[in-house]
Structures are given as C-alpha cells and as structure tokens.
Amino acid sequence: MKVVPIPVRQDNYAYLIIDEPSKQATAVDPYDVPKVQSAAEQLGVTVIAAITTHHHEDHSGGNMTFSAKYPGVPIYGGSTQVPAVSKLVGDKDEFVLGENLQVKCLATPCHTQDSISYYVTDSSNKSQPGGVFTGDTLFIGGCGRFFEGNGEQMHASLSYLGTLPDETVVYDGHEYTAANLAFGKHVDPTNPGIARLTKLVQENKITTGISTIGDEKEWNVFMRLDSEAVRNATNVTGESTIMDRLREMKNSFRG
C-alpha cells in the first residue's frame, strides 16, 4: 500500500491509496478532481473508487465531478448527505479496495454525525502498518470542531481511534499541525511528546502520514484528558466536560 497526499484548497488533503500489485487507486475526499486525476496519471494507476470522510463541502464537494469523470466507480460515505454516494457505510462495515486493501469503517461522529474514519491494511504486505483516514475528527495534535456533536461524542470517537494499533499511520483532513502544536504547548508545555511534535513541524511542510496513533496518545491534548496538565488547564472534572472545555479553549486560542 502506498498513500499519496494531494494538497487541495488552502489546507485540505485529498489522497490516493494505491494497491501497488494491481496499480489500482482509491481517492479520499477528492475535492479537486483534475488534481487527483493528474496525480493518478503521473503515478500510472487506475482510479477504482472514492471514499468520503464526511459531508462537508470541502471534503465531498468534488464528488459530483468525480462521479461524472469516473462513471460507475463507487463512492463510499456515511450518509445520504454525501453527494453522489453510491455505497453507504457504517460502523464496523468492511470492504476491499483493489485486490489487496482491506478497509474497516469506524463511525467517529461529532464534527459531523456522518463522520467515518477508514482503517486500511494491505493483505499483500502484512508487515506494513495500517493507515487511518480520519477526515476532520482526529488531526495531528488536535481534533475537529464539534459542529454536530459534543465533548462526550468527540471523546468517544478519539478513544475509539485509540483502540487501533499504536503503529497505525494517521492521514488527516487538513494541515493544521502548527496551530495544534501551539495550543498543545500552551496546555502541556513540559510534555516530551510536544517536543517531538515541534521537531516534526519544523522539519516537514506536509505533516500528514508521518505520525501514528501511538504518537497522538503521547502529544495530542485531546487524547490526554486524564493527564494532570490537561486537568489543570481546564479546571473542570469529567471527561466529556473536560473535552468541551478544551475545545472551547482551542476555539478562542490566539497563541
């Protein structure tokens, strides 16, 4: 399995997930279809599916164009709010992309109620860690805004993602890592994980695809609600209340 990030809009990511033996590719959130098509052509792969992480326009807004460009190619998504969706999926649903890529769906509602994270593993290369495409639920060092949910839901969704193997590579929906790092330093300044994330941001313009679920457990304050630093910063009790307060703090943070 090869994953190719494709920056679109100002800070979004689309992706191509490539089943290397078959040279078949799946597009993730292909907002800019010409750009995705061009990348596929340069890589010499055939696009055979699309998966949509949630219905927001900056992720699903290319689906109608994609459907017209690739007629009959399935588009997976978590609700009928996803434009041109042809394969509805829910929690724990599984399917195969190409010949070798096994996909398990994790329902991760909060940012939207139809948010699906897709955990992908390669049956032709079992030693390769899996990857998870988290849309706007989990970011490197952060999480999405609670547009259609609350802290209880986001805590549940991030905890669910935390059950994946620690070596699972994270592919998120936006390049927000520098801003998330600044907030993380504000909340948890002495955390060694934050120092590692600082180095990652300094050395990489594109930060998606080079960290793991295990890393997030170490440096992402939204996945560390039981830490002393987060509890002191929020000054509230109860995981859902802490999560709500932490998100409010991030929304107003200008550091």
Side-chain angles (χ1 to χ4, degrees), residues 1 3-9 11-19 24-37 39-40 45-98 101-121 130-139 143-149 153-154 156-158 160-161 164 168 170-174 208:
M1 175 174 69
V3 178
V4 179
I6 303 171
V8 297
R9 300 180 80 250
D11 52 35
N12 280 73
Y13 285 118
Y15 296 92
L16 286 174
I17 314 171
I18 301 171
D19 176 27
Q24 295 178 323
T26 297
V28 181
D29 290 349
Y31 178 88
D32 187 332
V33 175
K35 196 169 186 179
V36 171
Q37 179 188 6
V45 297
T46 302
V47 176
I48 52 93
I51 60 179
T52 307
T53 58
H54 62 293
H55 71 261
H56 282 168
E57 195 269 343
D58 60 324
H59 294 262
S60 68
N63 283 12
M64 297 302 291
T65 302
F66 181 93
S67 181
K69 182 65 185 177
Y70 299 101
V73 169
I75 297 176
Y76 295 84
S79 80
T80 55
Q81 288 182 274
V82 174
V85 65
S86 59
K87 299 283 187 180
L88 282 174
V89 292
D91 189 45
K92 295 183 173 63
D93 283 348
E94 298 186 16
F95 55 93
V96 178
L97 296 171
L101 303 186
Q102 312 290 320
V103 183
K104 182 177 180 179
C105 300
L106 287 75
T108 49
C110 182
H111 182 73
T112 67
Q113 288 301 302
D114 64 358
S115 292
I116 300 287
S117 296
Y118 299 87
Y119 175 57
V120 186
T121 55
V132 62
F133 296 82
T134 59
D136 288 1
T137 296
L138 172 65
F139 295 126
C143 71
R145 289 178 181 257
F146 305 172
F147 287 127
E148 297 181 10
Q153 276 198 319
M154 184 58 80
S157 291
L158 295 183
Y160 192 13
L161 289 169
L164 294 173
T168 303
V170 177
Y171 299 96
D172 60 357
H174 290 266
T208 188

Task: Value rounded to 0.5 Å, distance of SG in Cys105 from NZ in Lys92 - done: 11.5 Å
Open item on the list: I need the Asp172 CG to Thr208 OG1 distance, nearest 0.5 Å.
Closed with: 4.5 Å
- [ ] Over all heavy atoms of both residues, which pair between Val82 and Gly77 is shortest? Give the atoms and the distance, please.
- [x] CG2-CA, 4.4 Å
TODO: Kindly indicate whether the side chain of Cys143, heavy atoms from C-beta on, has any atom under 4.5 Å from the side chain of Leu158.
DONE: yes
Task: Separation of Cys110 SG from Phe147 CZ (nearest 0.5 Å) - done: 10.0 Å
TODO: Compare every heavy atom of Gln24 with every heavy atom of Gly98, then report the nearest pair and how far apart it is.
DONE: CA-OE1, 3.0 Å
Task: From CD (Gln102) to CZ (Phe95), nearest 0.5 Å - done: 10.5 Å
Task: Name of the residue among His59, Arg145, His56 meeting side-chain hydrogen bond (donor to acceptor under 3.5 Å, both in side chains) with Asp136 - done: His59
Open item on the list: In the structure I gave you, are the side-chain heavy atoms of Thr80 and His55 within less than 4.5 Å of one another anywhere?
Closed with: no
Task: Between CD1 on residue Ile6 and OH on residue Tyr15, distance to nearest 0.5 Å - done: 10.0 Å
Open item on the list: Taking the ring of Tyr171 and the ring of Phe133, is the distance between their centroids below 6.0 Å?
Closed with: yes
TODO: Would you check if there is a donor-acceptor pair between the side chains of Ser117 and Thr108 at a distance under 3.5 Å?
DONE: yes
- [ ] Heavy atoms only: give me the nearest Ala27-Pro30 pair and the separation to one decimal.
- [x] CB-CB, 3.9 Å
Open item on the list: Between Met1 and Ile17, is there a side-chain heavy-atom distance shorter than 4.5 Å?
Closed with: yes
Open item on the list: I'd like to know whether Tyr31 forms a side-chain contact (heavy atoms from CB on, under 4.5 Å) with Glu57, so could you lay out the CA-CA distance, the side-chain angles of the two residues, the decisive distance to 0.1 Å, and finally the verdict.
Closed with: CA-CA 8 Å; Tyr31 178 88; Glu57 195 269 343; 3.6 Å; yes
Open item on the list: Any non-hydrogen side-chain atom of Ile116 less than 4.5 Å from a side-chain atom of Asp93?
Closed with: no
TODO: Supply the atom-to-atom distance Ser60 OG to Gln81 CD, rounded to the nearest 0.5 angstrom.
DONE: 9.5 Å
Open item on the list: Contact between Gln153 and Gln113 at the side-chain level, heavy atoms closer than 4.5 Å - yes or no?
Closed with: yes
Open item on the list: Are more than 12 heavy atoms, taken from residues, nucleotides or ligands other than Lys35, located less than 6.0 Å from that residue's NZ atom?
Closed with: yes
- [ ] Please test Glu94 against Val103 for side-chain contact (heavy atoms from CB on, under 4.5 Å), starting from the C-alpha separation and ending with a verdict.
- [x] CA-CA 5 Å; Glu94 298 186 16; Val103 183; over 6 Å; no
TODO: Find out whether Asp58 and His174 are in side-chain contact, i.e. whether some heavy atom of one side chain is under 4.5 Å from a heavy atom of the other.
DONE: yes
Open item on the list: Restricting to non-hydrogen atoms, name the atom on Leu138 and the atom on Thr134 that form the minimum distance, rounded to 0.1 Å.
Closed with: O-OG1, 2.7 Å
Open item on the list: Can you give me the closest heavy-atom contact between Thr137 and Ser157, atom names plus distance?
Closed with: CG2-CB, 4.1 Å
Open item on the list: Between Asp91 and Tyr160, is there a side-chain donor-acceptor contact under 3.5 Å, judged purely by atom types and distance?
Closed with: yes
- [ ] Compare all side-chain heavy atoms of Val132 with those of Leu161 and state whether any distance is below 4.5 angstrom.
- [x] yes
Task: Residue pair Leu97 / Tyr76, side-chain heavy-atom distance below 4.5 Å - done: yes
Task: Worked verdict on Val89 versus Ile51 for side-chain contact (heavy atoms from CB on, under 4.5 Å) - done: CA-CA 10 Å; Val89 292; Ile51 60 179; over 6 Å; no
Open item on the list: Which residue in the set Asn12, Asn63, Thr53, Thr52 passes side-chain hydrogen bond (donor to acceptor under 3.5 Å, both in side chains) when paired with Asp29?
Closed with: Thr53
Open item on the list: Using every non-hydrogen atom in the two residues, find where Ala49 and Phe66 come nearest and quote the distance to one decimal.
Closed with: O-CZ, 3.8 Å
